[in-house]
Amino acid sequence: MKSEPHEFSFDDLVKAPGKRTPWFGVRNYQARNFMRDQMQPDDPVFFYHSSCPEPGIAGIAEVASPPYPDATQFDVKSKYYDPAATPEIPRWFHVDVKMAKKTPFVSLAELRCHRELAGMRLLQKGNRLSITPVDPREWKFITEKLLKL
DNA sequence: GCCAACGTTGGC
DNA sequence: GCCAACGTTGGC
């Protein structure tokens with residue numbers, strides 16, 4: 001899951017109440033569908049910093065709730081307000097995310113160095129999705145070989 | 001700031 | 001349903 005660290009960094013998650021946060025603000029259908037349809041409580045997540053001087057994996061989090069409507073879609077004051085959404089028929093769903101493990105930083109440049117990760121969706125040319133699935137083999141390689149957990 | 005690669009919008 | 005125009009993402 002990508003986050004811009006000047007908006008919300010992994011350290012912000014560590015400092016958040018309960019070390020958790022709703023993953024609000026996703027306004028892309030594919031990314032929404034991953035949260036709504038694919039993610040389960042306790043699923044592990046790489047917390048990725050994007051749009052910053054050094055993009056990369058900043059830590060490990062986990063899914064901490066079932067999917068539920070993103071409250072910001074109903075909030076006219078929010079930049080994530082969606083006039084087409086109503087509480088009766090919400091459009092945007094998200095999960096809560098909880099800090100799981102502080103890890104060494106793994107930069108995007110490093111991720112790109114390993115042929116084992118060449119197929120990783122996050123690294124594909126043109127990928128802009130803020131949430132992408134991680135193949136179990138890719139998860140294993142990163143956690144065992146790069147993070148040495 | 002540039003720009004490739006998408007995704008969304010809206011007229012037809 | 002098509003597709004041009006426009007907006008966004010995100011690495012560089």
Side-chain angles (χ1 to χ4, degrees), chain A residues 1-16 19-39 43-65 67-143 145-147:
Chain A
M1 299 176 90
K2 295 182 192 172
S3 185
E4 304 187 8
H6 57 272
E7 295 278 343
F8 192 82
S9 69
F10 188 75
D11 281 339
D12 290 330
L13 181 64
V14 173
K15 286 182 277 186
K19 300 185 178 184
R20 59 188 290 155
T21 182
W23 203 256
F24 62 86
V26 170
R27 294 294 180 270
N28 171 281
Y29 289 105
Q30 262 186 288
R32 176 202 70 181
N33 293 349
F34 284 134
M35 288 196 283
R36 191 189 60 186
D37 306 332
Q38 307 284 126
M39 298 171 90
D43 279 352
V45 169
F46 288 129
F47 193 111
Y48 179 90
H49 285 177
S50 64
S51 292
C52 56
E54 177 113 80
I57 295 169
I60 293 177
E62 65 188 30
V63 177
S65 82
Y68 66 101
D70 180 337
T72 63
Q73 70 192 301
F74 312 124
D75 177 2
V76 293
K77 304 266 176 50
S78 170
K79 67 171 172 173
Y80 300 116
Y81 175 63
D82 183 348
T86 66
E88 291 71 31
I89 309 175
R91 177 177 293 193
W92 304 109
F93 292 78
H94 62 32
V95 295
D96 287 355
V97 163
K98 191 170 75 179
M99 204 280 288
K101 199 167 187 55
K102 178 101 172 148
T103 68
F105 185 79
V106 183
S107 70
L108 174 60
E110 158 121 43
L111 293 171
R112 290 202 191 283
C113 285
H114 301 281
R115 38 194 313 124
E116 292 88 343
L117 303 176
M120 201 175 174
R121 183 124 172 217
L122 173 73
L123 306 180
Q124 297 314 297
K125 184 182 168 88
N127 171 61
R128 295 183 312 166
L129 273 184
S130 65
I131 300 176
T132 50
V134 178
D135 183 275
R137 284 164 300 175
E138 295 159 356
W139 182 274
K140 193 171 196 295
F141 181 82
I142 292 169
T143 53
K145 306 290 181 188
L146 303 186
L147 296 172

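Per chain, numbering begins at 1; letters A, B, ... match sequence-line order.
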Query - Set of residues satisfying side chain to side chain donor-acceptor pair (under 3.5 Å) with respect to E110(A), sequence neighbours excluded - result: H114(A)

Query raised in the report: Among pairs that include at least one residue of residues 46-60 of chain A, which meet side chain to side chain donor-acceptor pair (under 3.5 Å), considering only residues two or more places apart or in two chains?
Result: none

Report task. Would you mind reading off the bend of the helix from dG1(B)-dC12(C) to dC12(B)-dG1(C) from its two end axes, five pairs each, to 10 degrees? Result -> 10°

Query raised in the report: Only one of Y68(A), F24(A), W23(A) clears ring pair (Phe, Tyr, Trp, His ring centres under 6.0 Å) with H94(A); which?
Result: Y68(A)

Query raised in the report: Does T72(A) offer a backbone N or O that forms a donor-acceptor pair with the side chain of D75(A) under 3.5 Å?
Result: no

Report summary line: Only one of N28(A), V26(A), L122(A) passes side-chain contact (heavy atoms from CB on, under 4.5 Å) with L129(A), and that residue is N28(A)

Report summary line: Protein-proximity profile, nucleotides 3-12 of chain C, B/S/- by nucleotide at the 4.0 Å heavy-atom cutoff, equals ----BBBBSS

**Report entry** Contacts of K140(A) that satisfy side chain to side chain donor-acceptor pair (under 3.5 Å) - sequence neighbours left out
**Finding:** E144(A)

Report task. Tell me, please, which residues at least two apart from F8(A) pass ring pair (Phe, Tyr, Trp, His ring centres under 6.0 Å). Result -> none

